[in-house]
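The shown structure was predicted, so the numbers you read here are calculated from the model rather than taken from an experiment.
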Amino acid sequence: MTKQTSLTVHQTARPNGFPTAGNFTFVEAPVPSPGPGTALVENLYWSVDPYHREMMDGDFALHAPLEGRTLGRVVASRDPGLREGDLVLHREGWRTHSLVTAAASRRLTEHPGVPLSAYLSVLGGTGLSAYVGLTRIAKLQPGEDLFISAAAGGVGTAAGRFARLLGAGRMVGSAGSARKVAHLVERVGFDAAFDYHDGPVGELLAKAAPDGVDVVLDGVGGDHLEAAIGAAREHGRIAWVGAVAQYHSLDTPPPAPRNLFTMVDKSIRLEGFLVRNHRDAQEELEDFAVPHIRDGRLPLDETVVTGFEHIVAAFLGMLRGENTGKMLVARPS
C-alpha cells in the first residue's frame with residue numbers, strides 16, 4: 001500500500017460458529033477525496049470489540065466496509081465543523097482512511113499527559129461502559145463488595161481500576177487463564193480472581209466471595225450471570241453489559257440462569273444497558289479519569305497490535321481472549 005492508496009476490510013461471509021480470517025478480505029483503493037460537507041481522516045488507532053462478533057451474523061452488510069470505533073486526524077476538510085489537524089473519534093473504522101462529517105464524529109480535546117490510545121480505551125466506549133455500569137446502573141458505593149466477570153478484558157480492567165478509585169471494598173473477578181488471574185490480582189487491584197475453566201463458575205465465585213457481593217458488572221451472561229445472582233446479597237445490584245457466552249452460538253444460546261427467582265427472594269435488581277444511551281456521561285468520565293491518568297493512579301490496560309494489516313488477526317485474538325485489557329490496533333508511528 002502506498003500513501004495514495006487506502007485499505008478497507010470487508011466481511012465476505014457469515015461465520016458458522018467462531019469466525020475465521022476467511023470471513024474477511026482486504027480491499028485496496030485510492031485514498032478518497034472529501035466532498036462538500038465531509039473531511040478526510042487518516043486513522044491512527046482502531047478498536048476491535050466483542051460486539052463486532054454479534055454484528056457479523058447480520059448487521060454488517062457483506063462485501064461492504066465494516067464499521068467500528070476509530071481515532072484519527074483530519075488531513076483535509078470541506079466541512080466547516082472540522083479543521084485540518086483535528087483529532088476525531090468516529091465509527092467509520094476498519095479502514096486506513098475515512099470520510100466523516102462533523103455531525104457523525106466527535107472532535108476531541110487533547111488532554112496533556114494522556115496517551116492517544118486512552119481515547120479508545122478508558123476514555124472511549126470501553127471506559128464509558130465500565131463507568132456507567134458502576135456509577136449509574138449499579139450505583140456502587142464506597143466500601144461495597146464487587147464481582148466483575150470477564151475482568152481481564154477492556155471493560156473489566158477499566159471497571160476494576162475505576163471501582164478501586166471509587167472506594168470499592170472487596171473486588172473479585174473472573175478471567176480465562178492463570179496469567180490473567182495473576183494480572184488482575186497483582187496489577188489491577190483485585191482482592192481475588194479465578195479462572196472460569198477451573199470448575200463450575202458458581203462454586204468458584206462462592207469460594208472467592210464466601211460472604212457474597214453487593215454489586216456485579218457482568219459482560220458474559222449464562223453461567224456467570226447465574227453465579228452472580230447466587231452470590232449477590234439482599235438488595236444487590238447487577239449491571240449487565242454483554243453476553244460473551246453466547247456470541248458464537250446464537251442459534252443455541254446458553255441456558256438462562258436457573259436461579260432467577262432468587263432475585264425475588266433477595267430483592268436483587270438486574271438492569272441491562274447500552275452505552276450509546278449514556279453519551280451524556282462522557283464529560284463526567286473525563287473529569288473523573290483524566291487526573292488519575294496524569295498522576296499514574298489509572299494505568300492503561302491495553303494490548304496494542306501495530307499495523308492495520310493485522311486488524312483481523314487482532315479481532316480474532318480478542319475473541320479468543322489473547323488480550324489483557326483493551327485490544328487496539330495502531331498505525332505504525
Side-chain angles (χ1 to χ4, degrees), residues 45 47 49-50 69 111 113-177 179-194 208-209 213-220 228 237-242 244 273 275 278 281-304 318 321 323-328:
Y45 284 92
S47 175
D49 297 293
R69 300 184 182 107
H111 299 284
V114 175
L116 291 184
S117 61
Y119 295 99
L120 278 178
S121 58
V122 294
L123 298 181
T126 296
L128 192 60
S129 295
Y131 185 79
V132 166
L134 292 175
T135 64
R136 290 193 171 186
I137 308 302
K139 295 181 171 60
L140 176 71
Q141 300 300 308
E144 289 189 320
D145 298 332
L146 172 70
F147 169 56
I148 300 173
S149 67
V155 173
T157 51
R161 301 281 189 189
F162 292 166
R164 188 53 75 209
L165 292 169
L166 290 166
R170 180 175 171 79
M171 294 199 323
V172 176
S174 69
S177 71
R179 175 182 63 85
K180 291 184 176 183
V181 166
H183 177 77
L184 292 175
V185 174
E186 297 170 7
R187 303 290 297 276
V188 183
F190 282 75
D191 297 282
F194 59 86
V213 296
D214 303 291
V215 167
V216 175
L217 183 67
D218 180 38
V220 179
R237 290 94 67 203
I238 302 174
W240 195 10
V241 69
V244 174
F273 69 99
V275 70
H278 297 272
Q282 181 66 42
E283 185 175 352
E284 182 182 330
L285 166 65
E286 293 187 18
D287 288 344
F288 167 75
V290 166
H292 293 307
I293 295 174
R294 286 174 171 160
D295 68 17
R297 296 185 67 204
L298 181 55
L300 304 183
D301 296 281
E302 299 172 345
T303 298
V304 181
M318 179 273 302
N323 56 301
T324 299
K326 176 66 178 172
M327 177 70 94
L328 295 172

**Student:** Identify every side-chain donor-acceptor pair in residues 151-160 under 3.5 Å, counting partners at least two apart or on other chains, and give the distances.
**Tutor:**
| residue | atom | partner | partner atom | Å |
| --- | --- | --- | --- | --- |
| Thr157 | OG1 | Gly153 | O | 2.7 |
| Thr157 | OG1 | Gly154 | O | 3.2 |

**Student:** Under the rule for side chain to side chain donor-acceptor pair (under 3.5 Å), what residues qualify as partners of Asn323, not counting sequence neighbours?
**Tutor:** none
**Student:** Please examine the side chains of Leu217 and Leu140, heavy atoms only from C-beta on, and report whether any two atoms are closer than 4.5 Å.
**Tutor:** no
**Student:** At what distance, to the nearest 0.5 angstrom, does CZ of Arg237 lie from CD of Glu144?
**Tutor:** 4.0 Å
**Student:** If you take all heavy atoms of Ala175 and Leu184, which pair is closest and at what distance?
**Tutor:** CB-CD1, 4.0 Å
**Student:** Taking the side chain as every heavy atom from C-beta outward, state whether Leu123 and Ile293 have any pair of such atoms under 4.5 Å apart.
**Tutor:** yes
**Student:** Evaluate the criterion side-chain contact (heavy atoms from CB on, under 4.5 Å) for residue pair His183 and Val188; output intermediate values, then yes/no.
**Tutor:** CA-CA 7 Å; His183 177 77; Val188 183; 3.5 Å; yes
**Student:** Please evaluate residues Val114 and Tyr119 with respect to the criterion side-chain contact (heavy atoms from CB on, under 4.5 Å), reporting the C-alpha separation (whole Å), side-chain torsions for both, the decisive distance (0.1 Å), and the verdict.
**Tutor:** CA-CA 9 Å; Val114 175; Tyr119 295 99; 4.2 Å; yes
**Student:** Is a side-chain N or O of Ser174 found less than 3.5 angstrom from the main chain of Phe194, in a donor-acceptor match?
**Tutor:** no
**Student:** What closest approach, in Å, do Val216 and Leu146 show between heavy atoms, and which atom pair accounts for it?
**Tutor:** N-CD1, 4.3 Å
**Student:** A side-chain contact here means heavy atoms from C-beta on lying under 4.5 Å apart; do Lys326 and Asp301 qualify?
**Tutor:** no
**Student:** Keeping Asp218 on the side-chain end and Trp240 on the backbone end, is there a donor-acceptor pair under 3.5 Å?
**Tutor:** no
**Student:** So which atom in Pro115 and which in Leu300 form the shortest heavy-atom distance, rounded to 0.1 Å?
**Tutor:** CG-CD1, 3.8 Å
**Student:** Between the side chain of Arg164 and the main-chain N/O of Ala168, is any donor-acceptor distance below 3.5 Å?
**Tutor:** yes
**Student:** With rounding to the nearest 0.5 angstrom, report the CZ to CG distance, Arg161 to Leu166.
**Tutor:** 14.0 Å
**Student:** Ion pair present between Asp214 and Lys139, side-chain N to carboxylate O less than 4.0 angstrom?
**Tutor:** no
**Student:** Taking the side chain from Ser149 and the backbone from Gly219, do they hold a donor-acceptor pair closer than 3.5 Å?
**Tutor:** yes
**Student:** Can you run down the ring-ring contact (aromatic ring centres under 6.0 Å, His included) pairs that involve residues 123-164, sequence neighbours left out, and say none if there aren't any?
**Tutor:** Tyr131-Phe288, Phe162-Phe288
**Student:** Can you list the residues that meet the salt bridge (charged side-chain N to carboxylate O under 4.0 Å, His left out) rule with Glu302, with sequence neighbours excluded?
**Tutor:** none
**Student:** Taking all non-hydrogen atoms of both residues into account, name the closest pair between Ser121 and Thr126 and its distance.
**Tutor:** O-CB, 3.5 Å
**Student:** How close do Val275 and Gly125 get, counting heavy atoms only, and between which atoms?
**Tutor:** CG2-O, 4.1 Å
**Student:** Does Thr324 reach the side chain of Thr303, with side-chain heavy atoms less than 4.5 Å apart?
**Tutor:** yes
**Student:** Can you find a heavy atom in the side chain of Leu328 that is under 4.5 Å from one in the side chain of Ser47?
**Tutor:** yes
**Student:** Mind checking side chain to side chain donor-acceptor pair (under 3.5 Å) for Arg170 and listing every partner two or more places apart, or none if nothing turns up?
**Tutor:** none
**Student:** Looking at every heavy atom in both Ser117 and Tyr45, which two are closest together, and how far apart are they?
**Tutor:** CB-CE2, 3.9 Å
**Student:** If you measure from CZ on Arg187 to NZ on Lys180, what distance do you get to the nearest 0.5 Å?
**Tutor:** 15.0 Å
**Student:** For Arg69, enumerate each residue passing the salt bridge (charged side-chain N to carboxylate O under 4.0 Å, His left out) test, keeping only those at least two apart in sequence or located in another chain.
**Tutor:** Asp49
